[in-house]
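What follows is a structure written as structure tokens; I'll ask about it next.
Note that these values count all heavy atoms, side chains included, but never hydrogens, waters or copies made by symmetry. Note that the structure is predicted; figures quoted are calculated from it, not measured.
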Amino acid sequence: MPYKIRRLKNHVQVCRGLQGDKTWQLEKTIDNLKEQIESLNLELFYKSYEVEKMRQSRYMEHEVYSMITSMLLKSDDENELSKNLLACDRLINNVLSELYDAIFIYNSSVQKQ
């Protein structure tokens with residue numbers, strides 16, 4: 001009888017050891033998955049930022065193009081055309097300046113996070 005009890009105790013210890021190894025492996029797998037999720041979340045945030053930047057850029061391009069087209073179509077003589085071209089140049093410079101400022105501000109706020 002004592003032999004059977006010792007044998008059963010050894011079997012239980014082996015099972016506990018296997019269970020501990022499995023638990024450790026599962027915890028390691030969980031930690032790896034958490035790291036992957038964090039990495040993917042950061043990548044998603046960055047890609048979303050890039051997409052939003054592209055949308056804003058396309059919107060600004062469309063607005064500037066529409067303004068320039070309407071100004072140039074309204075020009076009847078060379079004097080008026082040159083004035084409109086100068087106004088378009090100023091408009092483009094202002095829009096680009098504001099766009100660069102907005103991008104700089106957004107980038108600095110993203111880097112702080």
Side-chain angles (χ1 to χ4, degrees):
M1 204 74 168
Y3 172 72
K4 286 184 178 179
I5 291 173
R6 271 187 269 149
R7 189 170 164 215
L8 288 174
K9 282 184 180 178
N10 287 339
H11 182 68
V12 168
Q13 288 175 350
V14 169
C15 288
R16 285 184 185 161
L18 290 174
Q19 201 172 25
D21 286 344
K22 285 184 180 180
T23 302
W24 180 79
Q25 287 174 348
L26 288 174
E27 287 175 357
K28 188 175 178 180
T29 303
I30 289 170
D31 288 339
N32 287 337
L33 291 173
K34 284 180 181 178
E35 288 175 10
Q36 287 177 358
I37 289 170
E38 288 176 12
S39 173
L40 290 172
N41 279 338
L42 285 173
E43 187 177 343
L44 175 64
F45 178 77
Y46 180 71
K47 294 294 181 185
S48 298
Y49 164 71
E50 284 182 336
V51 167
E52 186 58 33
K53 232 171 52 170
M54 283 189 271
R55 277 191 194 133
Q56 289 174 354
S57 175
R58 294 296 295 166
Y59 175 76
M60 294 296 278
E61 286 176 19
H62 178 71
E63 288 295 313
V64 169
Y65 177 77
S66 297
M67 287 181 200
I68 290 172
T69 305
S70 69
M71 291 176 96
L72 294 178
L73 290 176
K74 292 178 183 177
S75 303
D76 291 336
D77 62 358
E78 289 180 20
N79 233 358
E80 191 176 339
L81 180 61
S82 64
K83 286 179 185 177
N84 286 341
L85 285 174
L86 184 61
C88 287
D89 187 47
R90 287 183 189 140
L91 174 69
I92 290 170
N93 286 335
N94 289 339
V95 168
L96 287 177
S97 175
E98 289 179 21
L99 184 60
Y100 290 142
D101 288 344
I103 289 171
F104 177 77
I105 291 169
Y106 187 79
N107 283 339
S108 63
S109 69
V110 167
Q111 288 175 353
K112 288 179 183 178
Q113 294 176 357

Quiz prompt | Gap separating the CG atom of Asp89 from the CG atom of Asn94, nearest 0.5 angstrom | solution =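 Atom-to-atom, Asp89:CG and Asn94:CG are 9.5 Å apart.
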
Quiz prompt | ILVMFWY cluster, Tyr100 and Leu91 together (side-chain gap under 4.5 Å) | solution =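 Yes, Tyr100 connects to Leu91 through the hydrophobic network.
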
Quiz item: Are Leu96 and Tyr59 grouped together when hydrophobic residues (ILVMFWY) are joined by side-chain heavy atoms under 4.5 angstrom apart?
Solution: yes

Practice problem: Any pair with a residue in residues 34-46 that passes side-chain hydrogen bond (donor to acceptor under 3.5 Å, both in side chains), sequence neighbours left out, goes on the list, sorted by first then second residue, please. | Solution: Tyr46-Glu50

Quiz item: Taking only residues two or more places apart in sequence or in another chain, which ones pass side-chain contact (heavy atoms from CB on, under 4.5 Å) with Asn79?
Solution: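 Counting only residues at least two positions away or on another chain, Asn79 forms a side-chain contact (heavy atoms from CB on, under 4.5 Å) with Asp77, Ser82.
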
Quiz item: Of all residues at least two apart in sequence or in a different chain, which pass the side-chain contact (heavy atoms from CB on, under 4.5 Å) check with Gln56?
Solution: Glu52

Self-check item: Partner of Arg90 by side chain to side chain contact (heavy atoms under 4.5 Å, CB included), out of Asn93, Leu86, Ile92
Solution: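 Testing Arg90 for a side chain to side chain contact (heavy atoms under 4.5 Å, CB included) against Asn93, Leu86, Ile92 leaves exactly one candidate, Leu86.
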
Exercise. Kindly write out the residues that satisfy side chain to side chain donor-acceptor pair (under 3.5 Å) with Arg58, not counting sequence neighbours, or none if the list is empty.
Key: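 Counting only residues at least two positions away or on another chain, Arg58 forms a side chain to side chain donor-acceptor pair (under 3.5 Å) with Glu61.
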
Quiz item: When rounded to the nearest 0.5 angstrom, what is the spacing between CD1 in Ile30 and OG1 in Thr23?
Solution: 9.5 Å

